Student: 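Got a structure for you, questions after.
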Amino acid sequence: METFTYYPGCTLRTKAKILDVYARASAEALGITLEEPADWQCCGGAYTTAKDEIATKLSAIRTLNAAKTAGRPLITVCSACHNVIKQTNYDILHDEEMASKVNNYLKLDEPYCGETTIYHYLEMLRDVIGFDELAKHVTNPLKGKKIAAYYGCLLLRPSKALAMDDPENPTIIENFIRAIGGTPVIYAQRNECCGGYIALEDKAQAQKRSSSVMKSAEDQGAEMIITACPLCMYNLKKNSDSTLPVYYFTEILAEALGIKGDVNE
Amino acid sequence: MNKNLKEQVLRSSGVNVLKCMRCGKCSGTCPSYDEMEYHPHQFVYMVERGDIETLMNSKSIYKCLTCFACVDRCPRNVEPAKVVEAVRLAAVRQQGNNHMNPNQIPEMLDDDMPQQAIVTAFRKYIK
Amino acid sequence: MQRIGVFVCHCGTNIAATIDVKAVAETLSKEPGVIVSQDYQYMCSESGQNLVKNAIKEHNLTGVVVCSCSPRMHENTFRKAAASAGLNPYLVEIANIREQCSWIHKDIASATEKAIILGKAAVAKVHLNAPLTAGESPVVKRALVIGGGIAGIQTALDIAEAGFDVDIVEKNPTIGGKMAQIDKTFPTLDCAACILTPKMVEASQNEHITIHSFSEISDVKGFVGNFTVTIKKKARFVDETKCTGCGLCTEKCPMKKVPNEFNMGLDNRSAIYIPFAQAVPKVATIDPNYCMMMKTGKCGICSKVCSAGAIDYKQQDQYIEQKYGAIVVATGFNPINLDKYDEFAYNQCPDVVTSLELERLMNAAGPNGGTLLRPSDKTHPHKIVFVQCVGSRCDDSKGKPYCSKICCMYTAKHAMLIREKYPDTEVYVFYIDVRTPGKNFDEFYRRAVEQYNVHYIKGMVGKVTPRSDGKIDVQASDLLANEQLHIDADMVVLAAAIEPDKTARPLATMLTTQMDTNDFFTEAHPKLRPVESATAGIFLSGACQGPKDIPETVAQASAAAAKAIGLLVKNSITCNPCVAHSNELMCNGCSSCEKVCPYGAITYIDKEFKMPDRTVAIRRVASVNPAVCQGCGACTVACPSGAMDLNGFSNSQIIAEVDAICK
Amino acid sequence: MQEAMINKAKQLLSEGVVNRVIGWKRGEFAYDITPAVFENAEEIEKSFVYDDFTAANVSKYLVKESKKDGKILAFLKPCDTYSFNQLIKEHRIIRENVYIVGIPGGPKLDAEKIKAKGITGILGVKNENYTLKIDTIYGEETMPFYEAVLDKCASCKSKKHVIYDELIGEDGDTLDSNRFDMVEKLENMTAQERYDFWRSQLSKCIRCNACRNVCPACTCEKCVFDNPDSGIENKAPSDSFEENMFHIIRAFHVAGRCTDCGECSRVCPQNIPLHLLNRKFIKDINTFYGEFQAGEDITSLAPLNEFKQNDCEANIIHERGVE
Amino acid sequence: MQVNENKEFQPLIVAFCCNWCSYAGADLAGTNRLNYPDNIKIIRVPCSCRVNPMFILRAFQRGADGVILCGCHPGDCHYTSGNYFTRRRMTLLFSMLDFLGIERNRTRVEWVSAAEGAKFAATMNEFTEAVKKLGPNRRLEDLRCRKQ
């Protein structure tokens with residue numbers, strides 16, 4: 001039984017509880033313990049790439065340091081949190097000046113220098129458990145379901161920092177879909193933006209973006225679309241002109257593992 | 001041309017705008033192109049020219065979705081999104097220049113809007 | 001008493017900008033034995049060489065040290081200069097203060113200090129240099145051309161024309177290379193096959209040319225004038241000498257679902273195949289990965305229908321060893337893999353193709369018999385978008401940093417041909433720059449725009465999205481109109497960057513030739529020796545050296561041939577006098593040296609020695625054959641008594657260098 | 001045994017098979033046994049010795065002796081035959097000019113070890129049930145036999161003669177010796193400890209060249225250390241570097257050729273365990289390139305004169321074992 | 001003698017490079033302007049197998065802090081097999097130096113082809129750093145040769 005530090009992030013506590021509960025339940029079913037650090041903070045939602053922005057990076061560092069102190073890799077689920085934390089860690093590792101400024105500011109017992117390994121939940125499934133192994137745990141395969149993976153932007157880019165998969169030709173969610181018995185649908189817009197936070201200010205643009213993504217998936221014959229991001233979920237569901245069902249990947253994972261009914265949403 | 005501003009944007013973004021070969025792929029791939037007055041390749045070029053204030057005064061700086069498509073697809077590794085952000089920061093850091101006011105937020109919300117969107121907007125619009 | 005001259009080269013600013021050459025000359029003038037120390041702008045120029053020659057004569061020098069570029073560059077130049085001034089050429093030493101000093105260091109003080117140390121080491125060595133006389137080694141009058149594309153064919157024809165035997169080794173079943181796949185050639189639009197295939201036939205019929213098709217180089221030994229090459233003739237399971245190329249087997253073969261490489265996988269071929277009608281040699285080849293007989297032991301139809309009895313399922317790879325005087329590399333190029341550029345949906349949509357695929361689609365011998373149809377539904381495309389610089393001119397980890405050079409022109413050609421043949425088809429070309437330096441090239445491109453109304457748009461495609469209605473949404477920027485376009489295209493053609501063939505790197509290793517970071521072979525001098533590699537006797541032809549179009553490739557191929565012929569006409573070449581020799585007084589005759597000599601250059605003789613007590617002792621001692629010895633020095637270390645030493649790199653010379661550096 | 005050998009020598013001389021015999025003579029002291037050449041039965045009768053102190057390896061003398069006219073009889077202990085074979089392989093001995101009689105080997109005794117027990121004035125020794133009875137000018141002393149055995153014999157690698165024309169007594173087998181124990185012990189020390197150990201040992205070196213002179217592998221016409229042209233000529237060490245240098249180069253020159261006869265340490269007047277340097281190389285060769293015993297045959301290539309394409313890289317030395 | 005405490009230790013490193021691959025690789029590093037420290041001083045030898053262990057010891061004696069030997073990749077030797085002998089010889093030499101308690105990483109063998117200018121520069125940077133960490137060679141120096 002392996003234990004990981006688990007960072008849910010703000011949205012998983014509120015609007016995206018479903019993403020969280022199924023992630024936890026599925027992990028348990030797969031023999032993984034997720035341990036939440038005592039006092040995590042919101043990651044900030046978006047990474048500030050500016051080199052002279054230190055304060056915005058601190059909360060991510062606190063989380064990373066908590067995982068380092070616990071001596072465990074860090075697991076994230078929400079694409080945005082993953083992106084922020086992964087980019088922060090990348091910059092700590094590659095930008096010495098930033099690393100020293102951050103550490104001067106935080107005054108940790110021991111400086112944080114990028115030691116923590118970060119897995120997105122999907123990476124955990126791929127690299128820690130292995131999709132072949134995952135397939136063995138599937139009791140309720142999603143046979144014949146044509147599922148479109150929606151990566152959006154944050155899971156893959158900037159690929160230098162995220163390093164999850166080939167940013168133009170990703171396979172991780174498709175292989176996940178295969179592992180749980182479904183048939184992946186490849187479509188061009190899977191790695192384009194849903195509109196993101198612009199939904200707050202400029203609904204029209206979010207609608208345009210989300211519809212374009214949904215259309216592309218529909219064009220290739222998708223029956224459902226899955227995502228790892230609460231904001232993508234919101235835009236695709238609420239702002240697109242399509243009725244294609246959208247699910248969190250953790251939910252269909254739980255379904256495939258045959259534990260969905262046991263989970264209290 | 002404002003030399004100090006240019007310096008600041010270059011330092012803050014960490015981008016070498018001289019690497020740009022003016023292919024326009026960033027603008028070809030940008031999902032917010034039509035919403036922008038100045039487009040990603042123009043950000044890079046105008047920063048090179050030192051024409052920062054024009055950019056700062058444009059609403060274009062709030063239209064970038066930070067999807068990093070331009071960053072990943074730029075053949076020259078220029079990372080235009082980082083330039084856009086540096087210009088945006090240069091703008092919102094000026095006192096009273098917040099793009100959004102917290103009490104504007106509630107009316108923008110609906111029941112399903114995730115927190116994530118709000119915190120991101122705060123990061124982007126307000127200092 | 002040594003009388004040494006030191007000559008410090010500025011190499012323009014190449015050296016002088018980083019190294020205080022005056023200080024180097026000044027400091028070295030104080031070294032023991034140095035009686036003249038000078039600096040000069042370009043020591044390798046005629047006046048620079050005269051400076052050296054005059055100093056040798058005037059000061060009666062016994063040794064010369066030139067502080068300049070790498071000895072691999074100009075050692076011979078200065079040796080020749082010394083010889084013409086009456087000094088034994090092996091009394092010249094080079095201190096490499098350019099490649100190994102000025103070019104890699106920035107700080108003037110420390111670079112100067114290092115240059116002085118390198119100079120001192122060379123002075124210390126030259127103190128111990130002995131005059132050497134070079135022997136001669138014969139030149140094998142036969143050339144090897146590696147690669148049978150237009151470059152290799154042209155080189156081979158030119159060498160054969162001069163009367164020398166030449167072998168072409170081609171890894172594919174036929175010669176012809178990329179040019180055989182091309183439809184028309186720019187800027188004249190004549191048909192590639194019409195001008196290439198006669199050359200292929202000429203090569204196959206020339207009495208001086210032997211073609212080893214479906215063969216690879218497996219080993220290269222030896223040196224200029226005397227290479228020994230092992231050629232692996234891969235089993236094609238068809239006896240080349242018997243096969244008449246009738247093609248009956250390919251028709252009857254039941255396994256017809258093999259992706260056809262020649263047509264870029266756009267259609268299928270049979271498991272036994274002849275790549276194309278004009279293949280040379282026109283001999284069938286069995287693909288063992290698909291042949292039912294080879295895989296399951298059941299079938300054998302080709303063997304039954306072959307009246308010549310040429311089919312041999314048990315054929316093995318064959319190895320031929322052959323000696324050559326010169327080797328020409330003509331390994332060519334390939335378009336890059338586009339997996340990392342899937343924003344253009346190459347992997348998602350069959351109607352997104354590379355330019356080489358388009359060549360096949362438009363070729364009369366191609367999958368559609370010359371009618372341009374979409375691969376997906378075989379319909380006629382009405383809107384075609386060309387994307388330039390896919391993977392070229394990149395400064396990222398995905399692409400190539402160089403311009404692939406040929407894409408602008410072939411895209412103009414494609415655009416023009418399509419507009420000519422299908423005037424109802426709109427053609428858009430997204431370009432960053434249109435690069436057309438070459439005779440009649442820009443005129444050609446202008447014709448595409450002005451006469452054929454091809455839409456050239458300055459900007460780049462950012463995203464390609466295939467749609468369910470069969471259209472392809474091409475999202476791109478139009479930089480001059482300052483807008484983002486969405487074009488509903490029927491086909492998208494990607495001008496993929498070109499890269500050296502994958503076989504080039506292992507080959508470079510076998511040949512001990514240099515390559516650049518992009519795996520292009522490095523020429524001996526970028527301007528003055530563009531078709532020679534830095535390794536003597538190995539020449540470069542065509543795109544293996546850098547992106548080239550056909551006229552340039554052919555020009556370089558002939559140039560490489562001329563260089564190879566220049567070597568082959570010599571009966572012998574001066575060989576390296578830096579060979580091993582054994583001091584018989586110290587030799588134990590233990591055979592250690594013989595055991596490590598890769599050339600079998602060491603034999604043993606029983607030699608009589610007059611002992612101090614006036615008796616005669618007979619001892620077994622080593623004897624080195626200087627014509628066979630290549631001067632590696634393995635024997636010198638194997639020898640425990642230190643009897644074996646190497647001319648030009650003697651124990652004492654190397655120790656002197658160590659001491660000078662560590663002083 | 002001495003008797004049988006003398007008889008064999010006299011027989012071969014009288015039959016004209018050989019015209020000389022190389023054996024051993026006693027010097028000033030009972031334990032001072034050195035190689036000697038005998039040309040007739042009388043000399044043999046008078047001074048030929050073979051006893052528990054007769055440890056010296058005579059094979060090296062045959063480099064010169066075998067080049068003289070006529071055949072020479074050599075009595076070779078098992079360990080000596082390895083040295084002899086190695087010299088044949090290196091074309092240093094003319095085999096046809098040597099008649100080899102294999103004789104049983106040790107264990108031989110180390111007079112220094114007896115003296116270390118405070119026993120002096122040694123006149124002779126006798127081994128009675130592994131108790132050594134020592135006849136001295138002060139009367140008889142005893143000590144356990146094995147406490148007096150030479151180090152090289154204590155870790156004997158073989159009782160087998162790898163070359164001979166005839167044998168006196170039975171031939172033995174190669175042995176599982178513990179000869180690498182000390183090398184391993186050193187390997188397991190820290191670099192500093194190893195450095196200190198070797199400094200304390202090699203700093204004792206007075207460059208008497210006894211090791212070089214006795215070594216059957218050191219048969220160079222002219223040693224590099226005596227050759228002013230070699231660049232490393234050095235007659236006496238004047239610095240720690242030169243102490244190290246001599247022994248590193250010497251060990252390197254005999255690497256793959258050293259049969260581990262142990263003569264170097266036996267003759268070292270400073271008691272430096274020089275054989276450990278050679279054994280280190282033998283151990284490395286066995287580990288990296290497969291078991292190899294120099295002198296075992298006359299055809300195999302020396303490990304440094306051959307290679308395999310998949311040999312380990314030199315840099316792995318920096319990663320293995322204790323630093 | 002004045003000692004500048006802040007001045008970083010600058011090791012002296014001798015690099016033996018075979019003429020065909022590694023020396024050409026070093027030239028290529030120069031042609032491509034790939035920097036590496038000036039601590040590196042290259043001695044050209046025809047083949048790595050020309051390097052006698054005594055040259056390496058000599059360098060240490062005279063004050064070198066590190067010695068690196070570069071040759072063609074195994075299998076690519078211009079003389080077909082020289083580097084294979086080098087590999088065995090250096091393996092044993094390094095092992096002996098280690099056995100005598102000389103610090104590891106003062107010696108190294110690297111295979112650098114004529115095409116690997118970047119590797120040459122990277123190797124030299126890395127080796128110089130490694131030797132810098134070890135500090136001056138004290139265990140295998142000749143005190144008389146120590147620079148004042």
Side-chain angles (χ1 to χ4, degrees), chain D residues 183 186-187 189-199 201-202 224 230-232 238-242 244-249 251-253 255-256 276-281 283-285 287-289 302-323, chain E residues 48-49 51-63 68-69 71 73-77 80-111 123 126-127 130 134 137-146:
Chain D
V183 173
L186 278 163
E187 285 172 347
M189 290 180 177
T190 65
Q192 183 66 49
E193 285 166 342
R194 279 199 297 274
Y195 180 73
D196 293 342
F197 171 84
W198 282 111
R199 268 310 48 247
Q201 292 295 344
L202 296 179
V224 286
S230 72
I232 54 165
S238 46
D239 174 88
S240 66
F241 176 84
E242 286 176 352
N244 286 335
M245 166 90 155
F246 177 80
H247 293 287
I248 296 171
I249 294 290
F252 194 83
H253 278 178
L276 292 177
L277 297 175
N278 301 323
R279 277 196 187 154
K280 168 65 178 167
F281 274 151
K283 183 167 178 279
D284 281 344
I285 286 168
T287 317
F288 295 137
Y289 313 124
L304 281 178
N305 290 347
E306 69 162 348
F307 60 84
K308 289 206 179 64
Q309 285 171 354
N310 57 355
D311 280 342
C312 64
E313 295 297 336
N315 295 343
I316 68 152
I317 297 299
H318 299 326
E319 282 135 34
R320 59 200 280 277
V322 179
E323 177 155 10
Chain E
S48 60
C49 71
V51 177
N52 198 311
M54 70 191 193
F55 301 160
I56 294 172
L57 296 178
R58 178 74 163 214
F60 284 124
Q61 174 185 25
R62 296 298 162 120
I68 182 164
L69 182 49
H73 286 265
D76 301 349
C77 176
T80 67
S81 54
N83 52 5
Y84 288 124
F85 294 119
T86 306
R87 188 160 63 178
R88 285 204 169 184
R89 289 166 185 166
M90 292 306 134
T91 304
L92 292 193
L93 177 69
F94 293 3
S95 178
M96 180 53 73
L97 294 178
D98 184 45
F99 192 57
L100 293 178
I102 312 304
E103 305 94 334
R104 292 172 172 193
N105 299 318
R106 278 202 194 283
T107 47
R108 190 178 296 185
V109 173
E110 287 291 344
W111 311 124
T123 301
E126 200 188 302
F127 186 59
L134 292 175
N137 160 33
R138 291 286 176 252
R139 291 183 183 173
L140 203 57
E141 69 167 346
D142 192 325
L143 271 174
R144 296 164 299 176
C145 301
R146 190 186 281 195

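As the structure is a computational prediction, the values presented were derived from the model and not from experiment. Each chain gets a letter, A, B and so on, in the order its sequence line appears, and its residues count up from 1.
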Student: Any idea which of D:Glu193, D:His247, D:Gln201, D:Glu242 has the most non-hydrogen atom pairs under 4.5 angstrom with chain E?
Tutor: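 Top option by heavy-atom pairs under 4.5 Å: D:Glu242.
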Student: Looking at E:Glu110, E:Met96, E:Arg58, which makes the most heavy-atom pairs under 4.5 Å with chain D?
Tutor: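 Most heavy-atom pairs within the cutoff with chain D belong to E:Met96.
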Student: Report which part of D:Asp196 has an atom under 4.5 Å of a heavy atom belonging to chain E: side chain, backbone, both, or neither.
Tutor: neither
Student: So which part of D:Val224 gets closer than 4.5 Å to some heavy atom of chain E, the side chain, the backbone, both or neither?
Tutor: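 Interface part for D:Val224: neither.
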Student: Looking at E:Arg104 and D:Glu319, is any side-chain nitrogen of the basic one under 4.0 Å from a carboxylate oxygen of the acidic one?
Tutor: no
Student: Under 30°, 30 to 60°, or over 60°: which ring-plane class applies to D:Phe307 and E:Tyr84, parallel, tilted or perpendicular?
Tutor: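 Ring orientation of D:Phe307 relative to E:Tyr84: parallel.
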Student: Side chain from CB out, backbone as N, CA, C, O: work out which of these in E:Thr86 comes under 4.5 Å of a heavy atom of chain D, or both, or neither.
Tutor: neither
Student: Under 4.5 Å, counting heavy-atom pairs only, tell me which of E:Ile102, E:Leu92, E:Leu69 racks up the most with chain D.
Tutor: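 With the most close heavy-atom pairs to chain D, the winner is E:Leu92.
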Student: So for D:Leu277, is it side chain, backbone, both, or neither that comes closer than 4.5 Å to the heavy atoms of chain E?
Tutor: both
Student: Less than 4.5 Å to any heavy atom of chain E: does that hold for the side chain of D:Asp311, its backbone, both, or neither?
Tutor: both
Student: Would you say the side chains of D:Ser238 and E:Arg144 form a donor-acceptor pair under 3.5 Å?
Tutor: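 A donor-acceptor contact under 3.5 Å links the two side chains.
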Student: Sort out for me which residue in E:Leu57, E:Leu100, E:Thr107 forms a side chain to side chain contact (heavy atoms under 4.5 Å, CB included) with E:Leu140.
Tutor: E:Leu57
Student: Where does E:Leu97 contact chain D at under 4.5 Å (heavy atoms): side chain, backbone, both or neither?
Tutor: side chain
Student: Can you say whether the rings of E:Phe94 and D:His318 are parallel (under 30°), tilted (30 to 60°) or perpendicular (over 60°)?
Tutor: parallel
Student: Does any backbone or side-chain atom of E:Glu141 lie under 4.5 Å from a heavy atom of chain D? Answer side chain, backbone, both or neither.
Tutor: backbone
Student: With a 4.5 angstrom heavy-atom cut-off, is it the side chain or the backbone of D:Phe288 that approaches chain E, or both, or neither?
Tutor: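 Just the side chain, heavy atoms under 4.5 Å.
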